[in-house]
Every structure is written in C-alpha cells, then in structure tokens.
Amino acid sequence: MAKIKLDTEDFIFEVTEELVCYEEIGRDGADKWADGFRSWLSDGRKKKNIVNSGDKTYFVIDDEGEIFDIADEYLNAVENNNITEYWKNFQ
C-alpha cells in the first residue's frame with residue numbers, strides 16, 4: 001500500500017481540524033497540539049515519519065485513519081494529564 005505524504009502544514013491542519021471536533025479540546029487545545037507538534041518537529045531528533053524533499057518537509061502516514069488515531073491519542077493524553085509523555089512517544 002502506498003504511503004501518504006502530507007506537507008507538515010497540511011498535516012497540522014488535518015489533525016487540528018479533527019481535534020476541534022472534540023469538546024474537551026476545542027480550538028485552543030488544537031492550537032496547543034499544533035504548537036507541540038512544531039516543537040517536536042524542531043527538537044533535532046530523528047523522526048521516522050518525517051521526510052525532507054527539497055525545501056519541503058512531509059509527514060508520512062499509512063492512511064487517513066492515522067489522523068484520527070493521532071487525535072484520539074492526544075485526547076487521551078489531555079484527559080489523563082499526560083501530554084508530556086504523549087510528545088515523548090509521538091512518532
């Protein structure tokens with residue numbers, strides 16, 4: 001199965017739009033996720049889902065269902081007050 005390469009800004013948009021749908025997260029929480037993702041992206045560690053091509057950076061997913069999984073995992077982290085751990089394990 002072919003993987004899906006999303007420009008990182010498109011990826012952020014897709015995940016935040018999903019997060020906004022959760023009452024517990026809303027726009028403010030989605031924006032916090034986006035800020036956390038950008039920090040994670042720039043922390044200097046090797047990322048298995050990040051591909052650079054020319055001057056573009058992409059986040060690679062297997063299918064669109066991964067967007068929902070990422071949103072669900074973040075919701076669980078918020079509900080369990082475990083956001084730091086979420087970003088440590090994020091891939």
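- Atom CD1 of residue I12 and atom CD of residue E14 lie 11.5 Å apart, to the nearest 0.5 angstrom.
- Here the CG-CG distance, from L41 to N49, works out to 11.5 Å after rounding to the nearest 0.5 Å.
- Listed by chain and residue number, I25, Y74, I83 satisfy the side-chain contact (heavy atoms from CB on, under 4.5 Å) test with V78 (two or more places apart in sequence, or in another chain).
- Partners of E73 under the salt bridge (Lys or Arg N to Asp or Glu O under 4.0 Å) rule, at least two apart in sequence or in another chain, do not exist in this structure.
- In this structure, F37 and F90 have perpendicular ring planes: the angle between them is above 60°, well past the 30° mark.
- With hydrophobic clusters built from ILVMFWY side chains whose heavy atoms lie under 4.5 angstrom apart, V20 does not share a cluster with I70.
- With sequence neighbours excluded, the residues that form a salt bridge (Lys or Arg N to Asp or Glu O under 4.0 Å) with D43 are R45, K47.
- A pairwise comparison of heavy atoms in A30 and T16 identifies O-CG2, 3.3 Å as the closest pair.
- Rounded to the nearest 0.5 Å, atoms CD1 (I67) and CZ (F13) are 11.0 Å apart.
- Taking NZ of K3 as the start and CG of D63 as the end, the distance is 9.5 Å to the nearest 0.5 Å.
- Distance check: N82 CG to N76 CG gives 9.5 Å after rounding to the nearest 0.5 Å.
- K88 is linked by a side-chain contact (heavy atoms from CB on, under 4.5 Å) to T84, E85, counting only residues two or more places apart in sequence or in another chain.
- For D10, the salt bridge (Lys or Arg N to Asp or Glu O under 4.0 Å) criterion is met by no residue, not counting sequence neighbours.
- Surrounding CG of N89 are more than 12 heavy atoms belonging to other residues, nucleotides or ligands, all under 6.0 Å away.
- For the side-chain contact (heavy atoms from CB on, under 4.5 Å) test, residues two or more places apart in sequence or in another chain that qualify with E24 are Y22, L75, E79.
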Less than 3.5 Å apart, which donor and acceptor atoms pair up between the side chains of residues 52-60 and the rest of the protein, not counting sequence neighbours?
from	atom 1	to	atom 2	distance (Å)
N52	OD1	T57	OG1	2.8
K56	NZ	D7	OD2	3.4

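- Residue pairs satisfying the side chain to side chain donor-acceptor pair (under 3.5 Å) criterion with at least one member in residues 29-39, sequence neighbours excluded, are listed as follows: E9-R38, W33-Y86.
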